[in-house]
Participant: 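The following block contains the structure, expressed as C-alpha cells.
Any value given below was found using the heavy atoms of this structure, including those in side chains, with hydrogens, waters and symmetry copies removed.
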Amino acid sequence: MFHLISSFKPTGDQPQAIEKLIEGVKKGLKNQVLLGVTGSGKTFTIANVIQKTKLPTLIISHNKTLAGQLYQEFRDFFPNNAVSYFVSYYDFYQPEAYIPTTDTYIEKEAEINERIDKLRLQSTTNILTRKDVIVVASVSCIYNIGSPTEYRKHILELGIGKVVDPRSVMKRLIELQYERSEFEFKRSTFRVRGNRIDIYPAYEDIGYGIVIEDQKIRKLDKFDPLTGQLLINDHSQITKLAIYPAKHFMTDPNAFKSAEQQIRDDLKKESETLKKQNKLVEAQRLVQRVNYDLEMIKEVGYVNGIENYSRYFDGRKIGDPPYSLVDYFNTTYGNDWLMVIDESHMTVPQLRGMYNGDYSRKKTLIEFGFRLKAAFDNRPLKFDEFYPKTSKIIYVSATPDEWEIKRSTVTEQLIRPTGIIDPEVIIRPAKGEVQDLVTEIEMRSRNKEKVLVTTLTKKTSEDLSKYLKEKDIKASYLHSDIETLERSDILDKLRKGEYDVLIGVNLLREGLDLPEVTLVAIMDADKEGFLRSRTSLIQTMGRAARNIASKVILYADDKTKSIQAAVDEINRRRAYQQKYNLENHITPKTIYKPIRERIIEQEEENVYTGLSDKKVIYDFEKITIDSLTPYDKKKLVKRLESEMKKQAENLNFELAIKMRDKIKEIKS
C-alpha cells in the first residue's frame with residue numbers, strides 16, 4: 001500500500017531502530033520514543049516504519065517551517081501515495097478580541113492563504129477516500145474544524161447514466177459552498193456552458209466536466225483549468241465522481257431548524273442574564289449579533305464566525321470536545337493509524353498549552369456580549385482530550401522530555417549513516433563576539449560554506465543582519481513574522497548561495513536540514529533561560545551535524561549549568577560515534593542532499609485560474625481558445641505580452657515569436 005522510494009537503505013543503527021519501533025506498534029504499545037541525533041535519518045526511519053506497518057499516519061510538528069520540510073521529505077519518499085499538508089491557513093491572523101480597559105473591540109481579521117486552504121481540504125478528502133494517507137500537520141490540527149460525519153454527508157455523488165436535474169446539481173454545489181462564476185474560473189467555483197457543468201474543486205488542481213443530456217449524465221471528464229485541454233491517460237477515464245465541500249464547516253439544512261431553536265433559546269437566556277446584571281448594552285449587542293448570524297446562515301448556509309455555533313450543528317453537549325483532524329482519522333480508520341509527534345520536547349508542551357489562551361480570550365468576549373457561551377466550545381482540544389484519542393504514538397526528538405520518556409519505550413539512534421560525529425564545541429568570550437563572528441563568516445564564505453547564527457531577540461537578528469550586509473556579507477534573518485511558505489524559500493536560498501549567513505531566534509533549531517552549514521554560532525549563550533536551556537543548546541548545536549568540517553561556537557563569559565550539561569551530552573555522543581566508526585572502519589563523509597521542489601510555486605497566481613504564471617508560460621501552446629471567457633483572454637494576453645518581451649530581451653526569439661503568434665490568435 002505504501003511504496004517507499006529512496007536511493008538509500010537503512011544503515012548504522014537505523015535497522016535496529018526500525019525493527020524495535022515496528023515491534024512496538026505490533027504489540028500495541030501506545031507510547032514509543034525515537035531518540036535520534038540530528039542527521040541520523042529519523043525521518044527515513046519513520047518512513048520505513050510507515051511502509052512496513054502500512055498504517056495511515058498523522059505527523060505533528062510544532063511549527064509551520066518544520067512541517068513544510070517534513071511534508072517535502074515524505075512527498076519525496078512516497079510520491080505515489082497521498083501525502084498531505086495541514087497547517088493554519090492564515091498568512092495573517094488577528095483573532096476576535098475585546099479589551100475592557102479601553103473599550104476596544106478588535107474584529108477578527110485574517111488573510112487566508114488560498115494555496116494552504118487547498119492543501120487542508122485535500123488532507124481531509126484524502127483521509128475519507130484513501131488508506132495510503134500521510135498527513136503532515138502543525139499543532140493547528142487539534143483545533144475545531146467541524147464534524148467529519150457532517151463533512152462526509154455533504155458530498156455530491158455523480159456517475160455516468162445517473163438521472164439528474166442540472167438545476168439540482170447546481171443547487172447542491174452552492175450548498176457545498178461553491179460559487180457560480182462564468183468569468184472567473186478558479187478554486188471552489190463552477191460554470192455552466194450549455195449542457196455542460198465545469199467544476200473546479202477546492203482541493204485539487206484539475207477541473208471536472210459533467211455533460212448532461214435528457215436528464216442523464218452522459219459524460220464525465222478531467223481537464224486542465226487553464227488550457228481547457230482534456231487530461232487523457234489511464235487514470236482519466238472516470239465513470240463516477242464525488243465532489244467534496246469547499247469548506248470544512250458545513251450545516252445540514254434539515255438540522256438547522258432544531259439548531260436555530262436551541263440558539264434562540266440560549267440567546268434569550270443569556271441576554272436576560274446580562275440584563276439582570278444591568279449590562280443593557282451588552283445584552284442588546286448579543287441579540288443583534290446572533291440574529292444577524294442566524295439570518296446569514298439561513299439564507300446562504302454560512303457566515304464568518306460560524307464555527308462559534310458549531311456545537312449546535314455537531315450535536316455536542318456543553319463542554320464536549322470539538323471535532324479536529326484527529327477525529328477524521330478516528331472516524332475513518334478506528335484504532336488502525338499511527339501518530340508521530342516530531343520534536344516532541346517542543347510539540348507536546350505546545351499541545352498542552354493551546355486551550356488556556358483560547359479560553360481566556362473567549363471569556364472576555366462572552367462577558368461583554370460579543371458571543372454566546374457556545375463560543376467556548378469552538379476551541380482546540382485540551383491535552384487530556386487529545387491524548388486518549390490516539391492509540392499508537394511515536395515521539396521523535398534528539399532531546400525527548402521527561403514526560404515522554406516516563407511513559408515510553410525508548411529507542412536510541414545515535415549513529416549517522418554518513419559517519420559524521422557531533423560537532424566540536426568551542427566556548428569564546430562574549431566580549432567582541434560580533435567582530436569575531438565576522439572573521440569566522442568571511443573565512444567560510446570564501447570556501448562557499450554557510451553559517452547559522454542564533455540570537456535572543458528578533459530585533460537583534462534584524463540588526464545583526466543589517467550590520468553584516470554593510471560588511472558586504474550576504475545575510476538574511478528568519479523569524480515568525482515571515483510568511484509560512486516564504487520561510488522554506490529563504491532556507492533554499494541559503495543552500496543555493498544567495499545567502500552566506502542566516503540569523504534567527506529559535507526558528508534555527510529543530511529540523512533544519514542544511515548540509516552546507518559548517519558553523520553554528522550561538523550569541524549570548526550564557527543567558528540562562530528557555531532559548532539557552534540544555535535542550536535548546538543541544539538542538540541548536542545539532543544544526544552543525546551535517547558537515548564534517550562543522551563547529552559550534554558558544555559566545556559566553558560564564559559556563560552555565562545548561563552549557564555544561566549540553567557539552568557533556570554532546571561529548572558522550574561524540575565518544576560513542578567515534579568508537580562505532582573505528583570498529584566499523586567508517587570514514588565520515590559530508591552528506592549531499594538535493595534542493596527539493598517548493599511546497600507550492602510562489603510565482604504570482606493568475607486571478608482567473610489560481611495557477612502559477614510558470615504554468616502559463618509552459619502550457620500556452622496547448623491553450624484551447626474556445627475554453628476561455630473574455631475575462632480569461634484579457635488576463636492571459638497581458639501575461640503573455642509581458643513574458644514575450646522578457647524572452648526577446650533574453651535573446652530567446654523563437655519562444656517570443658510563438659508567444660506573439662498565440663497572442664494574435666487569442667485576440668482574433
Side-chain angles (χ1 to χ4, degrees), residues 114 117-118 120-129 145-223 225 238-260 294-304 306-307 309-310 312-315 323 328 331-332 610:
E114 292 294 329
D117 187 31
K118 184 203 85 172
R120 283 168 62 91
L121 289 160
Q122 190 179 68
S123 299
T124 48
T125 304
N126 284 342
I127 292 168
L128 296 179
T129 57
I145 59 170
S147 166
T149 306
E150 283 301 312
Y151 186 79
R152 194 191 293 269
K153 284 180 188 175
H154 288 78
I155 299 175
L156 173 59
E157 294 184 292
L158 302 164
I160 291 178
K162 186 175 181 178
V163 177
V164 296
D165 179 355
R167 287 174 296 181
S168 67
V169 172
M170 289 185 277
K171 182 182 177 185
R172 185 60 173 159
L173 285 169
I174 290 168
E175 288 174 357
L176 300 185
Q177 300 304 316
Y178 286 81
E179 294 180 9
R180 179 170 179 174
S181 176
E182 303 301 330
F183 300 103
E184 194 176 354
F185 192 53
K186 59 181 182 179
R187 284 182 58 248
S188 308
T189 64
F190 69 94
R191 64 188 179 193
V192 182
R193 294 184 170 179
N195 64 346
R196 179 185 173 92
I197 300 174
D198 290 337
I199 305 169
Y200 196 158
Y203 45 86
E204 293 190 31
D205 290 323
I206 58 175
Y208 291 96
I210 309 159
V211 178
I212 302 173
E213 294 176 353
D214 300 325
Q215 305 290 301
K216 274 190 179 182
I217 298 174
R218 301 296 181 184
K219 185 181 179 185
L220 295 171
D221 59 45
K222 298 179 183 180
F223 64 92
I238 52 176
T239 57
K240 291 184 179 180
L241 174 63
I243 301 295
Y244 284 80
K247 296 182 186 295
H248 279 125
F249 287 100
M250 301 301 299
T251 57
D252 187 337
N254 297 322
F256 176 69
K257 289 181 181 177
S258 60
E260 181 185 17
L294 287 174
E295 288 302 314
M296 286 293 291
I297 295 171
K298 190 184 296 184
E299 292 300 319
V300 299
Y302 191 80
V303 67
N304 284 331
I306 192 172
E307 61 273 13
Y309 302 98
S310 58
Y312 300 105
F313 299 112
D314 295 343
Y323 294 105
Y328 277 76
T331 301
T332 307

Participant: Rounded to the nearest 0.5 Å, what separation is found between the NZ atom of K118 and the CG atom of D205?
Facilitator: 3.5 Å
Participant: Taking all non-hydrogen atoms of both residues into account, name the closest pair between K222 and I238 and its distance.
Facilitator: CE-CG2, 4.0 Å
Participant: Could you report the tightest heavy-atom contact between Y328 and S147, atom names first, then the distance?
Facilitator: OH-O, 4.0 Å
Participant: Taking all atoms of both residues into account, what is the closest heavy-atom pair of M170 and R180, and its distance?
Facilitator: SD-NH1, 3.6 Å
Participant: Between K216 and D214, is there a salt bridge with N-O shorter than 4.0 Å?
Facilitator: no
Participant: Okay, side chain of K162, backbone of E157: is any donor-acceptor separation there less than 3.5 Å?
Facilitator: yes
Participant: Roughly how far apart are L128 CG and T331 OG1, rounded to 0.5 Å?
Facilitator: 8.5 Å
Participant: Could you give the distance from CG (L121) to CG (N126), rounded to the nearest 0.5 Å?
Facilitator: 11.0 Å
Participant: Decide yes or no for K219 and D221: does some side-chain heavy atom of the first lie under 4.5 Å from some side-chain heavy atom of the second?
Facilitator: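 Result yes, sub-4.5 Å side-chain heavy-atom pair found.
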Participant: Can you measure from CG (D198) to CZ (F190) and round to the nearest 0.5 angstrom?
Facilitator: 11.0 Å
Participant: How about K247 and I306: do any of their side-chain heavy atoms sit closer than 4.5 Å?
Facilitator: no
Participant: Would you confirm whether Y203, through its side chain, and Y244, through its main-chain N or O, come within 3.5 Å as a donor-acceptor pair?
Facilitator: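 Between the backbone of Y244 and the side chain of Y203 there is a qualifying donor-acceptor contact (under 3.5 Å).
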Participant: Evaluate the criterion side chain to side chain contact (heavy atoms under 4.5 Å, CB included) for residue pair D117 and R187; output intermediate values, then yes/no.
Facilitator: CA-CA 10 Å; D117 187 31; R187 284 182 58 248; 3.7 Å; yes
Participant: Give the minimum heavy-atom separation between T332 and I127, together with the two atoms involved.
Facilitator: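 T332 and I127 have their closest heavy atoms at CG2-O, 3.1 Å.
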Participant: Would you check if I145 and T124 make a side-chain contact, meaning some heavy-atom pair closer than 4.5 Å?
Facilitator: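 Contact flag for I145/T124 side chains = yes.
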Participant: Check the angle between the aromatic planes of H248 and Y151 and answer parallel, tilted or perpendicular using the 30° and 60° thresholds.
Facilitator: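 Ring orientation of H248 relative to Y151: tilted.
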Participant: Go through the steps to decide whether R196 and R191 satisfy the test side chain to side chain contact (heavy atoms under 4.5 Å, CB included), and finish with yes or no.
Facilitator: CA-CA 8 Å; R196 179 185 173 92; R191 64 188 179 193; over 6 Å; no
Participant: Answer yes or no: is there a side-chain heavy-atom contact under 4.5 Å between F313 and I297?
Facilitator: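 Contact flag for F313/I297 side chains = yes.
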Participant: Do you know the tightest heavy-atom contact between P245 and A202?
Facilitator: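 Of all heavy-atom pairs spanning P245 and A202, the closest is O-CB, 4.5 Å.
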Participant: State the OG-OH distance between S310 and Y323, to the nearest 0.5 angstrom.
Facilitator: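 Answer for the OG-OH pair, S310 versus Y323, is 10.0 Å.
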Participant: What is the distance from atom CG of L173 to atom OG of S168, rounded to the nearest 0.5 Å?
Facilitator: 9.5 Å
Participant: Please find the pair of heavy atoms, one from G207 and one from P201, that lie closest to each other, and give the distance.
Facilitator: CA-CD, 4.5 Å
Participant: Would you indicate whether the side-chain heavy atoms of V211 and N195 approach each other to under 4.5 Å?
Facilitator: yes
Participant: With a 4.5 Å heavy-atom cut-off, do I155 and I243 have their side chains touching?
Facilitator: no
Participant: Can you classify the ring geometry of F185 versus F223 as parallel (below 30°), tilted (30 to 60°) or perpendicular (above 60°)?
Facilitator: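 Plane angle under 30°, so parallel.
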